[in-house]
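What follows is a single structure, written as structure tokens, with notes after it.
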Amino acid sequence: MTSERTPGGRGIRSYVLRQGRTTPAQQRALHDLFPRLGIPFSDSALDTRKIFERTAPVVLEIGSGMGETTAQIAQAHPDTDYIAVEVHGPGVGSLLKKIDALALRNLRVIRHDATQVLERMIPDGTLAGLHLFFPDPWPKKRHHKRRLVQEPFAALAARKLAPGGYLHAATDWPEYAAQMDDAFANEPLLEKAQQAKARPVTKFERRGLGLGHEVRDLLYLRRKE
């Protein structure tokens with residue numbers, strides 16, 4: 001995540017593009033599969049009933065990485081529709097391949113900044129859930145301002161959730177977990193749940209556990225009143 005402005009001054013980005021090799025297979029997926037399985041960024045609100053050709057709960061994931069756990073979750077919950085938001089080409093290409101290979105009708109991908117997607121494409125009060133698994137922790141103190149989860153993001157995320165909808169976040173950085181917890185706890189529309197939802201182990205989580213990091217899951221619910 002970064003606090004640099006987008007081209008043309010269109011607000012603040014929630015990411016930084018790092019160098020990474022896109023394999024030929026991932027590039028083919030971006031070219032061949034995105035038109036069918038991706039959702040182009042737009043300033044217009046999404047009509048998920050048209051995209052998925054049904055009416056179902058919709059969960060949005062911010063930062064799906066290479067898409068392993070995203071695809072697992074979608075496959076395990078066919079009655080819920082999922083939208084993954086990721087900016088990195090290799091990750092988007094990898095997830096598109098998984099969607100195609102598994103014939104997942106309930107998972108689509110947006111390649112764009114997650115904050116702008118929430119602001120411009122997701123109507124208020126419509127998401128059944130929001131996943132934020134292992135966002136960039138920006139561990140150096142001078143970079144903490146670049147972290148995605150701060151009070152403005154908590155307010156935006158809460159506004160997009162339907163009453164009773166959930167926000168599930170996870171990190172292996174204790175200090176960032178505390179910052180997330182404070183941001184969500186200070187948002188009037190959210191209330192903390194007692195127990196986090198089960199989820200698959202992510203690649204970043206396995207790496208953190210291998211380094212001896214403690215993983216913390218946070219679950220907040222949008223108040224119904």
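Position 1 is the first residue of the sequence, and the numbers go up from there.
Side-chain contact check for Y166 versus L130: every heavy-atom pair is 4.5 Å or farther apart. In this structure, I62 and E86 have side chains that are not in contact, with every pair of non-hydrogen atoms separated by 4.5 Å or more. No side-chain heavy atom of S64 sits under 4.5 Å from any side-chain heavy atom of V85. No side-chain heavy atom of L127 sits less than 4.5 Å from a side-chain heavy atom of V59. Between I39 and V109 there is no side-chain heavy-atom pair separated by less than 4.5 Å. The shortest side-chain heavy-atom distance between M121 and D43 does not fall under the 4.5 Å cut-off. For the pair I83/T48, a side-chain contact is recorded, criterion being any heavy-atom separation below 4.5 Å from C-beta on.
Atom CD in Q75 sits 11.5 Å away from atom OH in Y82 (nearest 0.5 Å). In this structure, H112 NE2 and I110 CD1 are separated by 9.5 Å, a value rounded to the nearest 0.5 Å. Summarising the geometry, atom CG belonging to L107 is positioned 12.0 Å from atom OG1 belonging to T80; distances are rounded to the nearest 0.5 Å. Distance CD/E187 to CG/L161: 10.0 Å, rounded to 0.5 Å. Between the CZ atom in F34 and the CG atom in L95 there is a gap of 10.5 Å [rounded to 0.5 Å]. For the atom pair CG (L37) and CG (D100), the distance works out to 6.0 Å, reported to the nearest 0.5 Å.
A 6.0 Å sphere centred on NE2 of H77 holds no more than 12 heavy atoms belonging to other residues, nucleotides or ligands. Summarising the local packing, CZ of R54 is surrounded by more than 12 heavy atoms from other residues, nucleotides or ligands at distances under 6.0 Å. Shown here is R105, whose CZ atom has no more than 12 heavy atoms of other residues, nucleotides or ligands within 6.0 Å.
A side-chain donor-acceptor contact under 3.5 Å links R147 and H144. No side-chain donor from either of Q27 and T22 sits under 3.5 Å from a side-chain acceptor of the other.
Linking ILVMFWY residues whenever their side-chain heavy atoms come closer than 4.5 Å, directly or via other members, places F52 and F41 in the same cluster. The hydrophobic clustering, which links ILVMFWY residues whose side-chain heavy atoms are closer than 4.5 Å, places I99 and L102 together. L189 is not connected to L221 by any chain of hydrophobic side-chain contacts under 4.5 Å among Ile, Leu, Val, Met, Phe, Trp and Tyr, and they are in different clusters.
Using a 4.0 Å cut-off between charged side-chain N and carboxylate O, R108 and D81 make no salt bridge. The pair E68-K98 fails the salt-bridge criterion, with no side-chain N (NZ, NE, NH1 or NH2) lying under 4.0 Å from an Asp/Glu carboxylate O.
A cation-pi arrangement is present between R199 and F133 under the rule of less than 6.0 angstrom and at most 45 degrees off the ring axis.
Between H168 and Y220, the ring centre distance reaches or exceeds 6.0 Å.
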